[in-house]
Asker: 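Mind having a look at this structure? Questions to follow.
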There are 2 protein chains.
Amino acid sequence: MKQKRTTIYDIAKALNIHATYVSKALNEHPTINQEMIDKVKKKAAELKYRHNSFAANLRTNYSKICGVVVPKINESFFSNAIAGIEEVCSQNGHHLIICQTQESYKKEVEAVETLIRQNVDCIIISLSLETKNGNHLQDVLANGIALIQFDRYDESILSFIVKNDNREAAGRAVKHLLDQGYQKIAYIGGPEHLKIYIERKQGFIDMIREAQISIPYEYTCNISLKREESRKIALELLNSPNPPDAFFTASDFAALGVMQAAKDLNIAVPEKLGIFGFQNEEFTQYLTPTLSTVDQKSMELGALSAQLYFSNLHNKEVITKNYKTEIVKCSLITNQSSDRSKKGSPIPKM
Amino acid sequence: MKQKRTTIYDIAKALNIHATYVSKALNEHPTINQEMIDKVKKKAAELKYRHNSFAANLRTNYSKICGVVVPKINESFFSNAIAGIEEVCSQNGHHLIICQTQESYKKEVEAVETLIRQNVDCIIISLSLETKNGNHLQDVLANGIALIQFDRYDESILSFIVKNDNREAAGRAVKHLLDQGYQKIAYIGGPEHLKIYIERKQGFIDMIREAQISIPYEYTCNISLKREESRKIALELLNSPNPPDAFFTASDFAALGVMQAAKDLNIAVPEKLGIFGFQNEEFTQYLTPTLSTVDQKSMELGALSAQLYFSNLHNKEVITKNYKTEIVKCSLITNQSSDRSKKGSPIPKM
DNA sequence: GTCGATATTGAAATCGATTGAATTCTTTTT
DNA sequence: AAAAAGAATTCAATCGATTTCAATATCGAC
């Protein structure tokens, strides 16, 4: 059985004043003089009083809780984003309920449902891979809950969007490969119902076009973000009559698969094959050779998402409908897997 | 402004019955017949009714929320533990509020305070490195909130404890090193106000004693879990007149530092130096050579922690005071860094 | 010393669901 | 047909904080 907690009534009784007064004192209501505020606070501490969020939230209809929905909390991109969100939220006296979708659409719908039920003030979400559209987010808006999408979003839903300059960053990564002398660059991307993968591919195409080179049709593939799949795809391409001399992938896990394929076939990286990933997973720096990747500034991305809530949506009487899309610029991390300048056996950075 | 939600009163009005009845129907109270239950549920769905947790929780004093406090959600040990906790909690209709302490005592106290305020039913915690004692957990118990400590615990606090067989697992790891022919094994551990580090060291000592070998005093060091620190310590030891031929460390990050030191000094691993870590961080499998480590079965550990709540503490009128300590057995992952059987240049597993 | 203005404090309603007791309605029993 | 038993439904109180409005106290001015 849970203990009965100290309430404002207990404090009121102890001080022989009215509970209303206690509430006001604790909230430092302007009509209460400082002396009383101190007195009440002292007694509250003495009686180990703790504000009961439920009662307050029921009355005010605000929970000071942000719901966060991400595919996996243990992918570093997301865990860093959460760290950013948490920092900003706790600065603003808000707490986090975190839900994981495991890339499942069904779990995502459930998570959103749960968060609405929990009466969160705001939902910060990154869609699952299975999610084909964001219609389930309409419910969030209908309940007057602030909505912010980051990284993986559906732009047809009215909300703030925080994303990377995926297209430009992809372009810069490909440019780097070209600058290193790679000519036949293959691309392994993700499912194209998600905008980010369209953009990354577009950046790849932009740069290939700009360099006025042409690549065979089979060099671009949109289906795989996972290690094993990418490994197979890379093996096939590398064994073909006209193999690529570099890979740009939309995920580090895909790049890892490519690296594995190169090892399988005893192809030297970066000498014979350049590899460039995307996402800056922690493991990229532990590989041999270390993997070049695009850092999405995930922590900043998360922090910015939360900031948008506090500066634009929080406590705003009328939600102004001028939703913006904020862009966080990626930075390139060029590691050994794409760096031909130091030829010969690379010395691990470690 | 947040929307006003549909309430049981709205449903009651629509069906011309009493709100109480709606509540009971939705909860499938035994005195309500099925026909009515269906009718009410149908109308509820029609009106997009959502149960308001706050109102219910205020009344019942139960929130169906478990608070989780961990040092860092982005260390794989913890994120896997959280995944295990989440699975069990969601199976039991509970949600998670997750707090990060960043290994800071102050943040840990705040997190616990916050969770009590949020009226969570249960707190599952793993202490921060800075935490010297668990006195702040006394408040949790005083509020009748169930308490479960895992991995890093203070045994003087009355609670369930879920931990690994640290001592035995450490012993097995050291045994493995001995079996591989290493004789001069050094140990790098963590701060000994945390029981787990005492235990791991104890396991190390047990096995050294059992093998009837002696090691110099300076071979054991308790101060470092971090990469850079360990690297320095390893460099010093390896440069000493009587260098160790193997390291057993209480954390993978420390092992990583040792590996780095070996590389700095051009010492072949595992030929000249064996390394064995602890925790099974994801990166261990991406290193060259791959790092041997102890898998703490973190997901099971988390799941078991949550299960203890549901099977022993949840809805129990009198909290029976026979708290138990549950042990989850670790499994050894012997990788290249300690495996002399395949001599010569190791082929990465990848 | 009275009036009015301002500063303090109190009363009462409210948020939405739950719960046990009370009431009404239905069915069975005699 | 009346009484008893049982099922279905409603009543009323409650959880703890907030908030609006009313009441009282305090102070200065004339």
Side-chain angles (χ1 to χ4, degrees), chain A residues 1-41 43-44 47-64 93 116-119 121 143-144 315, chain B residues 1-41 43-44 47-64 93 116-119 121 143-144 315:
Chain A
M1 267 294 253
K2 246 173 172 174
Q3 229 69 27
K4 234 186 95 178
R5 301 160 55 148
T6 306
T7 70
I8 50 171
Y9 296 95
D10 299 324
I11 299 175
K13 203 180 288 169
L15 292 173
N16 211 19
I17 54 177
H18 202 272
T20 300
Y21 196 59
V22 174
S23 169
K24 285 177 184 166
L26 291 173
N27 289 316
E28 310 200 359
H29 196 94
T31 67
I32 314 284
N33 60 12
Q34 195 57 46
E35 194 190 347
M36 269 311 244
I37 291 180
D38 295 339
K39 203 166 136 194
V40 170
K41 284 196 170 176
K43 183 57 89 179
L47 297 178
K48 295 200 171 208
Y49 167 80
R50 279 197 187 84
H51 180 260
N52 185 327
S53 314
F54 288 145
N57 297 344
L58 175 59
R59 179 63 226 255
T60 62
N61 203 23
Y62 286 102
S63 62
K64 297 193 167 195
I116 296 176
R117 226 187 278 277
Q118 289 291 327
N119 207 24
D121 292 346
N143 277 65
N315 279 343
Chain B
M1 269 293 255
K2 245 172 170 174
Q3 230 69 29
K4 234 187 94 179
R5 302 160 53 149
T6 306
T7 70
I8 51 170
Y9 296 94
D10 299 323
I11 300 174
K13 203 181 288 171
L15 292 173
N16 210 19
I17 54 178
H18 202 272
T20 299
Y21 197 57
V22 173
S23 169
K24 286 178 181 168
L26 291 173
N27 288 317
E28 310 201 359
H29 195 94
T31 67
I32 314 283
N33 59 12
Q34 195 57 47
E35 195 189 348
M36 269 313 243
I37 291 179
D38 295 341
K39 203 166 136 194
V40 170
K41 285 195 169 175
K43 183 57 88 179
L47 297 178
K48 295 198 170 211
Y49 167 79
R50 281 197 186 83
H51 180 260
N52 185 327
S53 313
F54 289 145
N57 296 344
L58 176 59
R59 179 62 227 257
T60 61
N61 201 24
Y62 287 103
S63 61
K64 296 193 168 197
I116 296 175
R117 226 186 277 279
Q118 288 292 325
N119 207 24
D121 293 347
N143 277 66
N315 279 343

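Lettering follows sequence order; numbering is per chain, from 1.
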Asker: Given C:dA17, is OP1 or OP2 found less than 4.0 Å from the side-chain N or O atoms of B:Tyr49?
Answerer: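 Checking C:dA17 against B:Tyr49, a side-chain N or O does come within under 4.0 Å of OP1 or OP2.
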Asker: Which part of the nucleic acid, if any, lies within reach of B:Phe54 when heavy atoms closer than 4.0 Å are counted: base, sugar-phosphate only, or nothing?
Answerer: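 Touches nothing.
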Asker: Need one value for B:Ile17: base, sugar-phosphate or nothing, where a base atom within 4.0 Å counts as base even if backbone is also close, heavy atoms only.
Answerer: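 Sugar-phosphate contact only.
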Asker: From OH of B:Tyr9 over to P of C:dT18, roughly how many Å is that when rounded to an integer?
Answerer: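 The answer, rounded to whole Å, is 10 Å.
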Asker: At less than 4.0 Å, is any side-chain N or O atom of B:His51 found next to OP1 or OP2 of C:dA17? Yes or no.
Answerer: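 No, because none of the side-chain N or O atoms of B:His51 sits under 4.0 Å from OP1 or OP2 of C:dA17.
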Asker: Between atom NZ in A:Lys4 and atom P in D:dT14, what is the gap in whole Å?
Answerer: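 Interatomic distance, NZ of A:Lys4 to P of D:dT14: 11 Å.
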Asker: Hey, is the side chain of B:Asn27 poking within less than 4.0 Å of OP1 or OP2 on C:dT18, counting only N and O atoms?
Answerer: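 For C:dT18, OP1 or OP2 has a side-chain N or O of B:Asn27 closer than 4.0 Å.
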Asker: Could you give the NZ-to-P distance, from B:Lys13 to C:dA17, as a whole number of Å?
Answerer: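 That distance rounds to 13 Å.
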Asker: For the pair A:Ser63 (side chain) and A:Asn57 (backbone), establish whether a donor and an acceptor sit closer than 3.5 Å, ignoring hydrogens and angles.
Answerer: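 No.
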Asker: Do A:Leu26 and A:Tyr49 make a side-chain contact, defined as non-hydrogen atoms from C-beta onward lying under 4.5 Å apart?
Answerer: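 They are in contact (side-chain heavy atoms under 4.5 Å apart), so the answer is yes.
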Asker: Could you check whether A:Asn57 gets within reach of a base, just the sugar-phosphate, or nothing at all, counting any heavy atom under 4.0 Å?
Answerer: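 Nothing: the residue A:Asn57, judged by heavy atoms under 4.0 Å, touches no strand.
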Asker: Heavy atoms from C-beta onward define the side chain here; which of C:dA17, D:dG16, D:dT18 lies closest to that of A:Asn52?
Answerer: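 Selected nucleotide (nearest to the side chain): D:dG16.
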Asker: Which part of the nucleic acid does A:Ser23 contact within heavy-atom distance under 4.0 Å: base, sugar-phosphate only, or nothing?
Answerer: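 Base, at least one base atom sits under 4.0 Å.
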Asker: Given atom CD1 of A:Ile11 and atom C1' of C:dG10, what is their separation to the nearest angstrom?
Answerer: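 Taking atom C1' of C:dG10 as the reference, CD1 of A:Ile11 is at 17 Å.
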Asker: Round to a whole Å and report the spacing from CE of B:Met36 to P of C:dT26.
Answerer: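 Between P of C:dT26 and CE of B:Met36: 13 Å.
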Asker: Give one of base, sugar-phosphate or nothing for A:Thr7, where a contact means two heavy atoms less than 4.0 Å apart.
Answerer: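 Result for A:Thr7 = sugar-phosphate.
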Asker: Output the distance between atom CG (A:Leu47) and atom CG (A:Leu15), rounded to the nearest 0.5 Å.
Answerer: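 Answer rounded to 0.5 Å: 8.0 Å.
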Asker: Are A:Ile17 and A:Val40 close enough that some pair of their side-chain heavy atoms sits under 4.5 Å apart?
Answerer: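 Yes, side chains in contact.
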Asker: Side chains of A:Asn61 and A:Asn119: do they bring a donor and an acceptor to under 3.5 Å?
Answerer: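 Indeed, the side chains of A:Asn61 and A:Asn119 share at least one donor-acceptor pair under 3.5 Å.
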Asker: Whole Å only: how far is the NE2 atom of B:His29 from the P atom of D:dT10?
Answerer: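 Going from NE2 in B:His29 over to P in D:dT10 covers 14 Å.
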Asker: Once you apply a heavy-atom cut-off of 4.0 Å, does A:Asn61 come out as touching a base, just sugar-phosphate, or nothing?
Answerer: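 Nothing, no heavy atom under 4.0 Å.
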Asker: Compare the minimum distances between each of C:dG20, C:dT18, D:dT19 and the side chain of B:Lys24, then state the nucleotide with the smallest one.
Answerer: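 The listed nucleotide nearest to B:Lys24's side chain is C:dG20.
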Asker: Rounded to the nearest Å, what distance is computed from the CZ atom of residue A:Arg50 to the C1' atom of nucleotide D:dG16?
Answerer: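 These atoms are roughly 16 Å apart.
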Asker: When the nearest nucleotide of DNA chain D is assigned to B:Ala55 and to B:Ala19 on a heavy-atom basis, which residue is associated with the more 5' position?
Answerer: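 The answer here is B:Ala19.
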Asker: From the list D:dA17, C:dT19, C:dA11, which nucleotide is the closest neighbour of the side chain of A:Thr20?
Answerer: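 So the nucleotide nearest the side chain must be C:dA11.
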Asker: Any side-chain to backbone donor/acceptor pair from A:Asp38 onto A:Glu35? Under 3.5 Å, distance only.
Answerer: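 No.
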Asker: Could you check which of C:dT18, D:dT19, C:dG16 has an atom nearest any side-chain atom of B:Leu58?
Answerer: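 From the listed options, C:dG16 comes nearest.
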Asker: Could you give the CZ-to-P distance, from B:Arg59 to D:dG16, as a whole number of Å?
Answerer: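 Answer to the nearest Å: 10 Å.
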